[in-house]
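What you see below is based on every heavy atom in this structure, not just the backbone, and it leaves out hydrogens, waters and symmetry mates.
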Amino acid sequence: MDIFEYMRQNTMKKESPLAARLRPQTLDEVVGQQHIIGKNTLLYRAISADKISSIIFYGPPGTGKTTLAKVIAGTTSSEFTQINATVAGKKDMEAVVEKAKEDMGMYGKRTILFVDEIHRFNKGQQDYLLPFVEDGTIILIGATTENPYFEVNSALISRSIVFELKPLVSEDIKTLILRAVEDKDRGMGAYDAVIEEDALQFLADLADGDARKALNAVELGILTTERGTDGKIHLTLEVAKECIQKRNMRYDKNGDNHYDVISAFIKSMRGSDPDAAVYYLARMLESGEDIKFIARRVMICAAEDVGVADPNALTVAVSASLAAERVGLPEAKLILSEAVIYVATAPKSNACCTAIFGASEEVQRTGNLPVPPHLQDSHYKGAKQLKRGIGYLYAHDFPNHYVEQQYLPYELSGKEFFKPDGNGYEAKIKEHMKRLKEPRF
């Protein structure tokens with residue numbers, strides 16, 4: 001390290017954002033994530049014993065992925081190298097691998113490579129690392145906000161342990177905020193600031209599990225607030241509201257959070273919980289989800305999960321889809337809300353779904369079974385000579401417009417696909433079909 005690099009690092013220690021300066025240096029300083037770094041957990045033991053294997057940290061921003069990598073860097077006897085996938089290229093990785101080979105050959109020292117934002121690497125870049133992870137030249141630590149099972153090569157996944165970090169709870173965020181305000185060495189303690197309880201709770205709640213967001217707000221508040229008559233900087237609720245004005249909605253339209261929310265949305269409608277369904281609708285709308293996508297899911301749910309238990313549900317869903325697209329936001333919120341509540345509170349049945357799936361399986365199993373001759377078309381030229389349609393009974397010529405005859409192929413005689421369970425309007429259908437089929441004397 002030359003003098004310029006030494007001076008740069010010293011300057012960075014003083015001028016880095018509060019969240020970076022306050023980063024824990026030991027496992028015992030880490031707040032939250034006790035499900036993976038609590039005492040006697042696998043990761044805790046591995047870090048303490050300096051025996052880690054390749055791992056991938058996955059979780060939302062501000063939950064401690066880089067922090068854990070830095071803790072490992074501070075405790076391991078291995079060489080520790082960090083690169084960021086947003087700016088690093090193949091040459092950077094080649095340099096790391098060459099240095100790792102030298103360290104292993106000359107000093108018997110392992111190399112840990114921390115790749116931040118590993119999901120930013122393309123398939124070729126990820127493939128390049130694979131053989132060196134495989135033979136132990138490098139131990140990989142990857143950090144990603146995206147589901148690694150979607151974004152990281154399956155070969156790297158199979159050679160790594162995936163640890164999912166959860167959003168920090170409010171009490172964890174409060175602990176970090178107080179540490180930031182009071183710590184005189186790495187925090188803002190030298191500014192002689194105090195934070196009021198309601199401001200502390202507000203920041204902890206609105207940070208939404210993101211420690212970095214809360215600490216940035218604290219730093220901004222302390223640096224921009226004038227001292228009171230008592231000589232102290234007071235972080236009041238008003239100051240806190242100015243420093244963190246809007247809750248950040250974690251919602252990537254191409255990521256797993258998108259799929260989690262839409263899954264919860266559909267399951268809430270299916271489960272007849274209008275409150276939850278409207279909540280997840282609001283989550284998607286506030287995050288900028290396409291209203292056409294939402295409307296499609298409502299229409300599918302109306303057909304799949306409501307069906308003929310309330311045939312009007314599909315009509316409502318289709319009408320809402322057309323109206324929402326024509327009206328646009330923000331009024332489309334009202335239209336979609338009406339449809340979602342209707343579908344959520346409608347009686348449920350998947351008998352239609354079961355019927356078509358069962359019929360499709362039968363078609364795949366038995367192929368093109370002959371249509372009964374009396375149902376075949378009798379209107380085309382030569383049909384009479386081929387005896388098409390002979391013996392067909394016209395239903396409207398009989399009482400109740402019903403007559404019993406063979407409609408399914410003879411090989412499937414007696415087969416039932418639609419089995420109404422009697423919920424909602426299906427009860428009337430079931431009773432009607434039963435009445436039609438009752439023997440008459």
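- Looking at N153 and L129, their side chains never come closer than 4.5 Å, going by heavy atoms from C-beta outward.
- In this structure, CG in D198 is found 8.5 Å from NZ in K241, a value given to the nearest 0.5 Å.
- Looking at Q126, its side chain does come within 3.5 Å of a backbone N or O of F121 through a donor-acceptor pair.
- The CG atom of L237 lies 11.0 Å from the CD atom of Q201; values are rounded to the nearest 0.5 Å.
- Rounding to the nearest 0.5 Å places CD1 of I55 at 9.0 Å from CG of L140.
- D135 and T137 share a donor-acceptor pair across their side chains, judged by distance under 3.5 Å alone.
- Remark: E219 engages R21 in a salt bridge, criterion side-chain N to carboxylate O under 4.0 Å.
- Heavy atoms of other residues, nucleotides or ligands lying less than 6.0 angstrom from CZ of R179 number more than 12.
- Residues S263 and K267 have side chains that bring a donor and an acceptor to within less than 3.5 angstrom of each other.
- A heavy-atom distance below 4.5 Å is not found between the side chains of Q25 and V71.
- Q34 and T41 form no side-chain donor-acceptor contact under 3.5 Å, judged by distance and modelled atom types alone.
- D210 contributes no side-chain N or O that, together with a main-chain N or O of A207, makes up a donor-acceptor pair within less than 3.5 Å.
- A donor-acceptor pair is defined here as one N or O able to donate and one able to accept, closer than 3.5 Å; such a pair exists between the side chain of K348 and the backbone of V343.
- Counting all heavy atoms, side chain and backbone alike, S268 lies closest to A277 at CB-N, 3.6 Å.
- Contact of the K333 side chain with the L329 side chain is registered, since non-hydrogen atoms from C-beta on lie closer than 4.5 Å.
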For the pair F265 and I294, evaluate side chain to side chain contact (heavy atoms under 4.5 Å, CB included) and give the outcome as yes or no after the intermediate values. CA-CA 9 Å; F265 174 61; I294 297 172; 4.2 Å; yes

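- Between the side chain of T76 and the main chain of A73, no donor-acceptor pair closer than 3.5 Å is present.
- Here the shortest heavy-atom pairing between V115 and A85 reads CG1-CB, 4.1 Å.
- The aromatic rings of H401 and H396 lie perpendicular to each other, with more than 60° between the two planes, well past the 30° mark.
- Contact annotation: the side chain of M93 never approaches that of F132 to less than 4.5 Å [non-hydrogen atoms, C-beta and beyond].
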Checking F150 against H119 for the side chain to side chain contact (heavy atoms under 4.5 Å, CB included) test, could you report, in this order, the C-alpha distance in whole Å, the side-chain angles of both residues, the deciding distance, and whether it holds? CA-CA 9 Å; F150 294 163; H119 61 277; over 6 Å; no

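- A 6.0 Å sphere centred on CD of E94 holds more than 12 heavy atoms belonging to other residues, nucleotides or ligands.
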Please test R296 against D290 for salt bridge (charged side-chain N to carboxylate O under 4.0 Å, His left out), starting from the C-alpha separation and ending with a verdict. CA-CA 10 Å; R296 284 198 298 271; D290 186 354; 5.6 Å; no

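- By the 4.0 Å N-to-carboxylate-O rule, D103 lies too far from K109 to be salt-bridged with it.
- Using a cutoff of 4.0 Å between basic side-chain nitrogens and carboxylate oxygens, R186 and E29 are scored as salt-bridged.
- With salt bridges taken as basic N to acidic carboxylate O contacts below 4.0 Å, one links E164 and K166.
- Here the shortest heavy-atom pairing between A214 and I173 reads CB-CG2, 3.7 Å.
- A donor-acceptor pair under 3.5 Å is absent between the side-chain atoms of N312 and the main chain of T315, judged by distance alone.
- Of all heavy-atom pairs spanning F57 and A69, the tightest one is CE1-N, 4.3 Å.
- D28 has its side chain within reach of K39: a pair of non-hydrogen atoms, C-beta onward, lies under 4.5 Å apart.
- Distance alone, capped at 3.5 Å, places no donor-acceptor pair between the S321 side chain and the A317 backbone.
- Within the 3.5 Å criterion, the main-chain N or O of D305 finds no donor-acceptor partner in the side chain of R270.
- A search for salt bridge (Lys or Arg N to Asp or Glu O under 4.0 Å) contacts involving E197 returns K174, not counting sequence neighbours.
- Between M104 and K101, every side-chain heavy-atom pair lies at or beyond the 4.5 Å cut-off.
- The pair E146-R120 fails the salt-bridge criterion, with no side-chain N (NZ, NE, NH1 or NH2) lying under 4.0 Å from an Asp/Glu carboxylate O.
- The shortest distance between side-chain heavy atoms of F114 and T81 does not fall below 4.5 Å.
- Within the structure, the salt bridge (charged side-chain N to carboxylate O under 4.0 Å, His left out) test picks out the following pairs touching residues 357-376 (sequence neighbours left out): E362-R365, E362-K415.
- Residue F357 qualifies as open at atom CZ: its count of foreign heavy atoms under 6.0 Å is 12 or below.
- Note: I47 CD1 to L27 CG = 4.5 Å, rounded to the nearest 0.5 Å.
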For L408 and F417: C-alpha separation, side-chain torsions, deciding distance, then whether side chain to side chain contact (heavy atoms under 4.5 Å, CB included) applies. CA-CA 11 Å; L408 278 169; F417 297 111; 4.2 Å; yes

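- For the pair N216 and R212, the minimum side-chain heavy-atom distance is below 4.5 Å.
- In terms of modelled atom types and a separation under 3.5 Å, the side chain of N122 and the main chain of Q125 share a donor-acceptor contact.
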Please lay out, stage by stage, how T111 and I139 fare under the test side chain to side chain contact (heavy atoms under 4.5 Å, CB included). CA-CA 6 Å; T111 293; I139 295 169; over 6 Å; no

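- From I138, atom CD1 reaches atom OG of S54 across 7.0 Å, with rounding to the nearest 0.5 Å.
- A side-chain donor-acceptor contact under 3.5 Å links S349 to the backbone of A351.
- Here the closest non-hydrogen pair linking L165 and Q33 is CA-OE1, 3.4 Å.
- Of the possible donor and acceptor atoms, one in the side chain of S158 sits under 3.5 Å from a partner among the backbone N and O of A155.
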Show your working on salt bridge (charged side-chain N to carboxylate O under 4.0 Å, His left out) between E79 and R110 and close with a plain yes or no. CA-CA 6 Å; E79 287 295 318; R110 302 179 308 164; over 6 Å; no

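- With rounding to the nearest 0.5 Å, the separation of CG in L113 from OG in S78 is 12.5 Å.
- With I141 as the partner, the side chain to side chain contact (heavy atoms under 4.5 Å, CB included) test is satisfied by one option alone out of D116, L68, I112: I112.
- In this structure, P167 and T63 approach most closely via the heavy-atom pair CA-CG2, 3.7 Å.
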